[in-house]
2 protein chains.
Amino acid sequence: MSGRVLLADDHRILREGLRRSLEAQHIEVVGEAADGDEALELAEALRPDVVLMDVSMPVLDGVEATRRIRQRLPEVRVVMLTMHADETTMARAIRAGADGYLVKDCSTEEIAETVRLVAGGQTAVSREVAVSMLREVRSMPPEVEEVVSKREEEVLQLIADGCSSAEVAEQLFISQKTVKNHLASIYQKLDARDRTQAVLRAVRMGIVRLG
Amino acid sequence: MSGRVLLADDHRILREGLRRSLEAQHIEVVGEAADGDEALELAEALRPDVVLMDVSMPVLDGVEATRRIRQRLPEVRVVMLTMHADETTMARAIRAGADGYLVKDCSTEEIAETVRLVAGGQTAVSREVAVSMLREVRSMPPEVEEVVSKREEEVLQLIADGCSSAEVAEQLFISQKTVKNHLASIYQKLDARDRTQAVLRAVRMGIVRLG
DNA sequence: GGCACAACGGGCCGTTCGGCCCATTCAGAT
DNA sequence: ATCTGAATGGGCCGAACGGCCCGTTGTGCC
């Protein structure tokens, strides 16, 4: 049960360092991927026990890659790696189906231990991550994430930036009608009746940034 | 230089307590006012050296009363009294011309000392207030206050609360046209072109509260 | 007394907005 | 194989909005 591991990170140096560390801990690294798409392909081809996946990667985001891997290959576990214990990213990763969550400055022993635990069916997180999780759970009554779609979020952000419907349409290369459709959907989801209320709610919910 | 003092506070109990405390410190209390208007009238009639003024009072707000007293009677000093060391209220009070600012849970000795200092031409604040002031000064580059008029602020708040122009008019007992006029003025002052932008700026500037 | 400004208001007009109907396409879920 | 949902789009319409003109009243300031 040492575990066959696939590494997914866009930094070659980090991948090689991880490979050495894991192999020193008698964990077999069966492949390396440089982006989310490659991770998905290699996971299907190699069927590792665990994917050690960086959060931020080109082409396909680590969280999205995790979601797809867990969907198509439920027997493949995923451990997320990230620079900082960011609450919202962590929440997204866990909802995407990650079984482990590590911050990059943890020890190699900790990484190896987490890989073994996860390969054995357990879930595990760094101590830093555990602390963040408590904060997250305490402060978040419902699911705040995923209320509005990604496209709707873009529309909201542009509205918050001062754009009119026409300008949003221009920015996103879509018709004004589509913008209005997105807004209508947003109003329903956020229980708002106009752009002003929608933007205010979005600001309060942290969906958009201001200024 | 013990000082002739006018008390202005809407709570009789507090006024009487203050009177006893000050008289025990050999400070003469020449009158008591229960609201801002009365404070203004008595200040003109009695010409005290110092007015000990509560921030929140009926009819006329303590800060506004202070502004008018200082305007008409520059030789009358005002010391503000408040429940908490609230940064924005304090800033308003100081701009209105208050020479002292005390939180209500300070000792009677402290109050007496402040009254004497202010009567002698000095300015004085509680320790708690001094701390708040530092924060205030550090975080505020320009004058944020007074960009929009009080009425315009009310309109903005109601818009932020989700009201349409018609509903704002209803709430404030004015016509829709006047609301639109206020909004037009607000757009100019806040460099916004619609209610959404205006509310967002107002939120960022701390003019309105959300939720 | 005059001057500025806040607050109040009327009317007009073009644009925008939001609600309502509808259709197509494509991906993912069951 | 079907179905949901996201994203794209059209058309229509009434209400809301914002800009523009104009006015009166009151208060504070010089």
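Letters A, B, ... mirror the listed sequences (proteins, then strands); counts begin at 1. Values below: all heavy atoms of this structure, side chains included; hydrogens, waters and symmetry mates excluded.
Residue contacts for A/D194: at a heavy-atom cut-off of 4.0 Å it reaches the sugar-phosphate backbone alone, with no base atom in range. Nucleic acid contact class of A/S165 (heavy atoms, under 4.0 Å, all strands): sugar-phosphate only.
Of the candidates C/dA6, C/dC8, D/dA6, D/dA6 carries the atom nearest the A/K189 side chain, counting heavy atoms from C-beta on. In this structure, the nucleotide among C/dG18, C/dG9, D/dG19 sitting nearest to the side chain of A/L183 is C/dG18. Side-chain proximity of B/I174 to the nucleotides D/dG11, C/dC8, D/dG18 is greatest for C/dC8.
Put simply, B/S185 has no side-chain N or O that comes within less than 4.0 Å of OP1 or OP2 on C/dA6. Neither OP1 nor OP2 of D/dA6 sits under 4.0 Å from any side-chain N or O of A/H182. Here B/S164 does not reach the OP1 or OP2 of D/dA16: none of its side-chain N or O atoms lies under 4.0 Å away. A sub-4.0 Å separation between OP1 or OP2 of D/dT8 and a side-chain N or O of A/R151 is present. The shortest distance between the side-chain N/O atoms of A/T178 and the OP1/OP2 oxygens of D/dG9 is below 4.0 Å. At least one side-chain nitrogen or oxygen of A/S175 sits closer than 4.0 Å to the OP1 or OP2 atom of D/dG9.
Distance check, rounded to the nearest 0.5 Å: CG of B/L183 to OG of B/S165 gives 5.5 Å.
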Test side chain to side chain contact (heavy atoms under 4.5 Å, CB included) on A/L102 and A/I111; report intermediate values, then the result. CA-CA 7 Å; A/L102 294 171; A/I111 296 177; 4.0 Å; yes
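Nucleotide C/dC17 holds its P atom 12 Å from the NZ atom of A/K177, rounded to whole Å. Atom CZ in B/R195 sits about 4 Å away from atom P in D/dC17, given to the nearest Å.
At least one donor-acceptor pair closer than 3.5 Å links the side chain of B/Y187 to the backbone N or O of B/R195.
Taking a cutoff of 4.0 Å between a charged side-chain nitrogen and a carboxylate oxygen, B/E64 and B/R67 qualify as a salt bridge.
Both B/E152 and B/K180 lie near DNA chain C, and the one whose nearest nucleotide falls closer to the 5' end is B/E152. In terms of position on DNA chain D, the residue among B/Q176 and B/R68 whose nearest nucleotide sits closer to the 5' end is B/Q176.
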